[in-house]
Amino acid sequence: MEKERIDKVLAHHGFGSRSDVKKMMRKDHLTVNGKIVRDPGFLIDIGSDVVFVDDEEIKLQRDLYIMMNKCRDVVCANKDGEHKTVFDLLDDSLRHKFLGGDLHCMGRLDIDTEGLLILSTDGQLTHRLLAPKTHVPKTYAVGLRDSLDESQKTDYVEKFKKGFWIDREQNESGFDCQPSELEFLEDGKSRDGRIDSAFVQNSSGKVDCLLTIYEGKFHQVKRMFAQVGNEVVYLKRVKMGSLCLDSSLPLGGYRELSEDEVEILKN
Ligand code: URA
């Protein structure tokens, strides 16, 4: 495993600047594998060395992976003159540099879309998951303006299964959308039980159907329903790849992914 200087590692774990770390080390606050270390240039192995600052063990990690249940009215951008960003929802303890790189959104959700958003420092993984040829499935819970009878629902399902042409929107050109999977809820529930009472409690709109798409064009879900003459009035992402939104997360809430969830995301 590649080694890193201890002052750099701690500066990237929220211990201030490298000179703050140096001062702290001079006062014998830091141990590596049980031994006091005073040399800021000491090299450590992030994967195996055990580092304590006083009595607190520092969980060393190269990359950070956060699952957020994005709420409406915040944007997926680093800065926005007008609106709050998803980064404004994060605690101050996450406002520092990370070893792996800058914290960024793995894909975007529109300002009025809720749900599963991954924030990470792992640029390589983001690049891989967002590459058009990767075709990561993304599942959305959708509320529609117009209610549909059974035969209209069947028409939608068939049309979405085949794929169809989507007209241009603003400066975005039209495109042939690829086959997708559409499932209408029965008695307010989805077949896999993902839409349940906990889900509804932590959402702000009613859901009619679940749609899984394998691409991620601009306003794709809204444009797909607009093309068949309806309108999306509520949109929430509930799954990305095999990773499901934790339905106990309140709107605007977030938590770090477990190691198992990071593996799910990577595979
Ligand atoms: N499709 C949309 O139209 N909006 C989103 O935020 C995500 C997918």
Side-chain angles (χ1 to χ4, degrees), residues 66-78 80 82-89 104-120 126 129-132 134-146 156-157 159-161 163-185 190 194-195 199 202-245 247 249 251-254 265:
I66 289 175
M67 172 191 289
M68 180 180 278
N69 183 6
K70 180 189 170 295
C71 51
R72 287 168 180 231
D73 298 330
V74 293
V75 293
C76 295
N78 292 339
D80 187 283
E82 205 181 329
H83 303 100
K84 261 183 146 184
T85 76
V86 290
F87 297 99
D88 294 325
L89 301 177
H104 58 268
C105 299
M106 281 187 165
R108 284 163 184 247
L109 293 175
D110 298 337
I111 186 165
D112 53 357
T113 302
E114 293 175 2
L116 177 60
L117 181 71
I118 305 297
L119 301 163
S120 177
T126 303
L129 293 184
L130 299 189
T134 315
H135 303 301
V136 174
K138 288 167 282 264
T139 302
Y140 294 85
V142 185
L144 294 172
R145 180 193 62 201
D146 302 334
Y156 275 38
V157 170
K159 191 149 197 207
F160 280 48
K161 206 196 288 182
F164 51 96
W165 176 256
I166 304 278
D167 291 336
R168 67 176 296 134
E169 184 185 289
Q170 299 164 21
N171 293 330
E172 302 288 326
S173 29
F175 66 100
D176 258 324
C177 84
Q178 299 305 302
S180 57
E181 288 140 32
L182 181 62
E183 174 197 341
F184 283 91
L185 303 191
S190 62
R194 187 166 304 121
I195 305 294
F199 177 94
N202 287 326
S203 299
S204 69
K206 113 180 150 52
V207 177
D208 297 298
C209 53
L210 287 180
L211 173 65
T212 301
I213 56 174
Y214 296 84
E215 50 193 343
K217 298 277 195 326
F218 178 72
H219 288 173
Q220 175 149 351
V221 176
K222 291 173 187 160
R223 288 163 78 190
M224 286 173 78
F225 284 99
Q227 194 72 38
V228 292
N230 213 320
E231 188 189 331
V232 171
V233 290
Y234 175 70
L235 189 57
K236 179 173 190 122
R237 184 155 67 195
V238 293
K239 195 171 174 189
M240 213 176 138
S242 302
L243 185 69
C244 295
L245 176 67
S247 60
L249 274 178
L251 278 171
Y254 64 91
L265 196 63

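Counting convention: from 1, in listed order, for ligands and their atoms alike.
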Determine whether the side chains of [X] and [Y] contain a donor N or O and an acceptor N or O closer than 3.5 Å.
| X | Y | answer |
| --- | --- | --- |
| Tyr140 | Glu114 | no |
| Ser120 | His104 | no |
| His135 | Glu215 | no |

Backbone of Leu144 reached by a side-chain donor or acceptor of Asn230 within 3.5 Å: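 Checking the backbone N and O of Leu144 against the side chain of Asn230, no donor-acceptor pair under 3.5 Å is found.
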Note: Asp208-Lys206 ion pair, threshold 4.0 Å (strictly below):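 Yes, charged N to carboxylate O under 4.0 Å.
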Within reach of ligand 1, part of Leu235 (heavy-atom separation under 4.0 Å):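 Side chain only.
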Is it the case that ligand 1 has an N or O less than 3.5 angstrom from some N or O of [X]?
| X | answer |
| --- | --- |
| Val221 | yes |
| Lys222 | yes |
| Asp110 | yes |

Parallel, tilted or perpendicular, as decided by the 30° and 60° cut-offs, for the rings of Phe160 and Tyr156: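 Rings of Tyr156 and Phe160: parallel, under 30°.
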Contacting atoms of ligand 1, where contact means under 4.0 angstrom from a heavy atom of Gln220: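 It comes down to these atoms of ligand 1: 1 (N), 2 (C), 3 (O).
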Thr113 neighbourhood, listing ligand 1 atoms whose heavy-atom distance to it stays under 4.0 Å: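 Checking each atom against Thr113, I get 4 (N), 5 (C), 6 (O).
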Residue-ligand contact Tyr140/ligand 1, heavy atom below 4.0 Å: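 It does, in that a heavy atom of Tyr140 comes within the 4.0 Å cut-off of ligand 1.
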